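Lettering of chains follows the sequences in order, A, B, ..., and the numbering in each one begins at 1. In this text the structure is predicted, and so the values were computed from the model without any measurement.
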2 protein chains.
Amino acid sequence: MRDDDTNTPAANLAVRTSANANARDAADAAHKPRRKASIRASNETHLLTCAEAVFAERGFEGASTALIAERAGLPKANLHYYFPTKLALYWRVLDDVFEEWNAAADTFDASDDPVIAIGGYVRAKMALSRRRPLGSKVWANEIISGATHMQDILLKQVKPWMESRVQLIERWIDEGLLAPLDPKTLLFMIWATTQHYADFEAQIRALAGKRALSAASFEATTEEVVKMILRASGARSPAG
Amino acid sequence: MRDDDTNTPAANLAVRTSANANARDAADAAHKPRRKASIRASNETHLLTCAEAVFAERGFEGASTALIAERAGLPKANLHYYFPTKLALYWRVLDDVFEEWNAAADTFDASDDPVIAIGGYVRAKMALSRRRPLGSKVWANEIISGATHMQDILLKQVKPWMESRVQLIERWIDEGLLAPLDPKTLLFMIWATTQHYADFEAQIRALAGKRALSAASFEATTEEVVKMILRASGARSPAG
DNA sequence: GTCTATATGCTGATAGAC
DNA sequence: GTCTATCAGCATATAGAC
């Protein structure tokens with residue numbers, strides 16, 4: 001590993017955003033056509049999409065830059081022009097996935113009614129599993145492999161989020177709005193159950209049939225999951 | 001892929017068992033020392049143990065026979081002497097994992113009381129996650145990657161088991177011993193939640209601390225999970 | 001910005017001496 | 001049954017012509 005530890009996914013995220021902005025500014029300032037920057041942007045996003053699929057299917061070590069480039073319809077050297085190393089490309093994919101995880105996490109704070117907060121969060125996580133299963137699989141692969149490239153995100157972003165949500169859940173328990181339970185166990189159960197519909201797609205398809213993952217069926221399953229999680233947590237609304 | 005479809009994990013399992021028996025018989029019949037057969041057996045099990053760890057960490061494509069052999073302290077050629085191809089070795093690992101999955105599945109039939117049956121099954125799955133997390137990770141990796149090497153096991157063994165358990169759950173619902181729910185969603189929730197403690201070990205360690213996976217803590221967590229799953233399913237004992 | 005050609009090392013698997 | 005030496009192919013990454 002030649003990269004120093006400032007080049008983490010989170011650090012990369014910041015770099016990327018400002019780098020893109022700088023590229024556009026430079027093009028504008030020189031009165032050059034915006035074309036180059038937009039070719040770059042579209043090639044980068046296309047490569048990221050293909051990389052997400054290959055990393056999901058084969059994990060970091062199993063994925064090859066040749067296969068990613070082939071799926072993107074670009075020569076391998078072109079991939080290395082945009083992303084210097086396979087690891088840099090991987091970190092960008094992890095970043096993108098975490099951004100969506102974060103957006104879903106916000107729905108937890110939509111209300112101080114645990115029925116609405118927990119129900120809404122479960123629905124958001126289920127929707128994410130359906131909309132972007134590949135991203136969830138990349139995340140899962142990374143953690144199964146020991147989460148070596150994600151320690152920073154886990155410790156600096158996910159952990160604080162979890163800890164404040166644990167306090168919120170404990171308050172709800174004190175107020176009698178939730179059954180006495182271990183908050184972390186509840187959160188892990190929500191993550192496990194909702195992400196299962198993305199990560200274990202292939203097993204669900206084999207066991208429950210292709211229809212099980214159709215739009216209508218998935219929506220019904222989502223409501224089943226919401227119902228069961230709410231029952232598991234013993235949630236009730238403050239008013240009632 | 002040069003192997004024909006009779007060489008599936010399930011087929012391999014049968015072959016292995018009889019092959020081992022034959023090897024022992026032959027040695028006994030020829031009055032040769034038992035040594036050779038037991039060297040074979042011990043090398044094979046050792047290689048299987050190391051292979052399980054490497055496949056868990058890196059997935060099938062990411063794992064290399066060189067690394068597996070190195071961890072086993074054997075030359076790579078020796079590995080290929082016992083297991084002709086990487087795929088054959090992988091299938092044997094999948095078999096072993098499935099055997100344990102199957103043993104845990106039996107606990108579901110320990111009683112006709114859903115509180116005992118479901119609670120016991122959850123405890124068995126949690127115990128398995130703790131005792132053999134690497135096996136669970138291999139299974140998870142395989143399914144995330146599309147379950148291409150497990151279609152037979154899923155369709156011929158897991159699916160029938162699931163379908164008969166679905167009928168049992170439906171009967172319990174009819175008898176008023178479970179809340180009205182979709183049985184498959186309940187089973188998926190049990191699998192997802194219990195396997196989470198094996199597959200997402202690294203995340204749990206990062207978020208909840210190393211202590212979270214200690215023996216005492218894990219036992220407490222198991223009871224939390226049992227409590228929440230039973231509440232989610234609305235289970236009650238027939239007598240009460 | 002694109003892409004052919006190539007460097008360097010690792011991959012699964014085998015040959016054949018011991 | 002063990003293991004060194006080696007194969008052909010694929011891995012990541014780069015050089016340099018266009």
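We find that NZ of B/Lys76 is positioned 16 Å from C1' of D/dT2, with the value rounded to whole Å. To the nearest angstrom, C1' of C/dC10 lies 12 Å from NZ of A/Lys86. Nucleotide D/dA13 holds its P atom 11 Å from the CD1 atom of A/Ile68, rounded to whole Å. Atom P of nucleotide C/dG12 and atom CG of B/Leu79 are separated by 9 Å, given to the nearest angstrom. Atom CG of B/Leu74 and atom P of C/dG12 are 16 Å apart (whole Å). Distance, B/Phe83 CZ to D/dG1 P: 12 Å, rounded to whole Å. Spacing between atom NE2 of B/His80 and atom P of C/dA15 amounts to 12 Å, rounded to whole angstrom units. Following rounding to the nearest Å, A/Glu70 (CD) and C/dT4 (P) show an atom-to-atom distance of 14 Å.
Taking every side-chain heavy atom of B/Pro75 into account, D/dT4 is the closest of D/dT4, D/dA11, C/dC3. For B/Ile39, the side-chain atoms get nearest to D/dG1 when compared with the rest of C/dT14, D/dG1, D/dT12. With D/dT2, D/dT12, C/dT2 as the choices, the nucleotide that has an atom nearest any side-chain atom of A/Tyr81 turns out to be C/dT2. Among the nucleotides D/dT2, C/dG12, C/dA15, the one closest to the side chain of B/Ser64 is C/dG12.
Looking at heavy-atom distances under 4.0 Å, A/Tyr82 makes contact with sugar-phosphate atoms alone, never a base. At a threshold of 4.0 angstrom between heavy atoms, the contacts of B/Ala69 with the nucleic acid are absent.
A 4.5 Å side-chain heavy-atom check between A/Val158 and A/Trp101 finds at least one atom pair inside the cut-off.
Ring geometry, B/Trp191 versus B/Phe188: the interplanar angle falls from 30° to 60°, so the pair is classed tilted. Ring orientation note: the planes of B/Phe60 and B/Tyr90 are tilted relative to one another, at an angle of 30° to 60°.
Between B/Phe218 and B/Met126, the shortest heavy-atom contact is CE2-O, 3.3 Å.
Side-chain N or O atoms of B/Glu142 include one that pairs as donor or acceptor with a backbone N or O of B/Thr148 at under 3.5 Å.
A/Asn78 has no side-chain polar atom (N or O) that falls below the 4.0 Å cut-off from OP1 or OP2 of C/dT4.
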